[in-house]
Amino acid sequence: MHDLPPLPYAETALEPHISARTLSFHHGKHHKAYVDKTNELIAGTALEKLDLVELIREAAKDKEKQALFNNAAQIWNHDFYWKSMAPQGGGAPDGALARQIGLDFGSFEKFRESFKAKAAGHFGSGYCWLVLGADGKLAIVTTANAETPVADTRLVPLLTTDVWEHTYYLDYQNRRPAYLDAFLDHLVNWEFAAANFAAARAEAA
Ligand code: FE
């Protein structure tokens, strides 16, 4: 039985960049529906015993379990997305993650430009992620629909932005790049990304 993880802040906390109305629908309706559907699909099966990441990886192996994969991955993706934002977020990181971004992208500005271009250019629904690869290098990857780097044990997700239309349509209509500017300049939670980076580094050492 999976529960809807609570938002890490109030529904009004990201205003004016993301409205309470958007968060109310996105968390209270969309995210909740993925939880309810996942619970329905695993009820009475051995899959009930798995934690969420185990369930996603198990479902990813079996094309017959595509619906389960989609819903379970969306529980995880949304929880990670909420944590990737903070009320006083945005701007540039500092510390070890900032140094690594400089090494792997040339500069923070180049990282920002590339992240925005990839997120804006992703066709249709999905996510744009900052990940740490098995080679120890940072990369920006996009995934379609519910696809998630957590299904791939070689990639450690550090940060994500949701680019499904339900993320920005009420506030920005079709202007995904305007939503991405708000995300990067006012919302991105670099402390969360830095903590994920530090944990991944510690595990690899
Ligand atoms: Fe979403």
Side-chain angles (χ1 to χ4, degrees), residues 2-42 52-53 55-57 59-60 65-87 89-90 115-131 140-152 155 157-189 192-193 196:
H2 299 273
D3 295 317
L4 175 64
L7 277 178
Y9 30 69
E11 284 183 354
T12 53
L14 305 184
E15 290 190 333
H17 312 293
I18 293 180
S19 65
R21 185 168 151 78
T22 289
L23 282 189
S24 166
F25 275 96
H26 200 172
H27 179 255
K29 305 282 187 205
H30 292 276
H31 195 176
K32 182 178 187 298
Y34 297 127
V35 173
D36 291 346
K37 191 68 187 174
T38 297
N39 285 329
E40 192 185 307
L41 289 169
I42 61 174
L52 185 59
V53 171
L55 181 63
I56 292 165
R57 289 178 180 166
K65 294 193 173 70
Q66 186 69 48
L68 175 60
F69 173 82
N70 289 341
N71 284 280
Q74 285 288 70
I75 301 176
W76 194 91
N77 290 343
H78 281 94
D79 189 44
F80 198 81
Y81 168 58
W82 308 133
K83 291 171 179 162
S84 293
M85 298 187 288
F115 189 93
K116 185 182 171 188
K118 285 192 176 169
H122 177 77
F123 185 79
S125 295
Y127 296 81
C128 185
W129 308 80
L130 174 63
V131 298
I140 298 165
V141 298
T142 62
T143 53
N145 302 319
E147 293 292 328
T148 176
V150 85
D152 180 345
L155 296 176
L158 304 182
L159 181 81
T160 195
T161 195
D162 188 338
V163 297
W164 285 58
E165 276 190 350
H166 62 222
T167 304
Y168 56 85
Y169 210 85
L170 293 175
D171 299 325
Y172 299 91
Q173 293 74 51
N174 60 322
R175 294 176 294 123
R176 188 191 289 181
Y179 154 73
L180 291 168
D181 280 334
F183 176 86
L184 288 162
D185 295 341
H186 301 287
L187 298 172
V188 60
N189 184 349
F192 174 65
N196 292 329

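One-based numbering, in listed order, for ligands and for the atoms of each. Positions are given from 1, in the same order as the sequence printed here. Side chains are part of it too, since the values below use all heavy atoms of this structure and drop only hydrogens, waters and symmetry mates.
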Full working for side chain to side chain contact (heavy atoms under 4.5 Å, CB included) between Thr143 and Thr148:
CA-CA 6 Å; Thr143 53; Thr148 176; 5.9 Å; no

Dump the intermediate steps for side chain to side chain contact (heavy atoms under 4.5 Å, CB included) on Leu55 and Ile42, then the final yes or no.
CA-CA 10 Å; Leu55 181 63; Ile42 61 174; 4.0 Å; yes

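Residues Ile56 and Phe69 are in side-chain contact: their nearest non-hydrogen atoms beyond the backbone lie under 4.5 Å apart.
Test His27, Lys32, His26 against His78 for side-chain contact (heavy atoms from CB on, under 4.5 Å) and you get one pass: His26.
Annotation: protein N, O or S atoms under 2.8 Å of the Fe ion (ligand 1) (waters excluded) comprise His26 NE2, His78 NE2, Asp162 OD2, His166 NE2.
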Under 3.5 Å, which donor-acceptor pairs do the side chains of residues 176-183 form with other protein atoms, sequence neighbours left out?
residue	atom	partner	partner atom	Å
Arg176	NE	Tyr168	OH	3.2
Arg176	NH1	Ala119	O	2.9
Arg176	NH1	His122	O	2.7
Arg176	NH2	Gly124	O	3.0
Arg176	NH2	Val163	O	3.4
Tyr179	OH	Tyr81	OH	2.8
Tyr179	OH	Thr161	OG1	2.6
Tyr179	OH	Asp162	O	3.3
Asp181	OD1	Arg112	NH2	3.1
Asp181	OD1	Lys116	NZ	3.0
Asp181	OD2	Lys116	NZ	3.2

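No donor-acceptor distance shorter than 3.5 angstrom exists from the side chain of Asp185 to the backbone of Gly90, with no hydrogens or angles considered.
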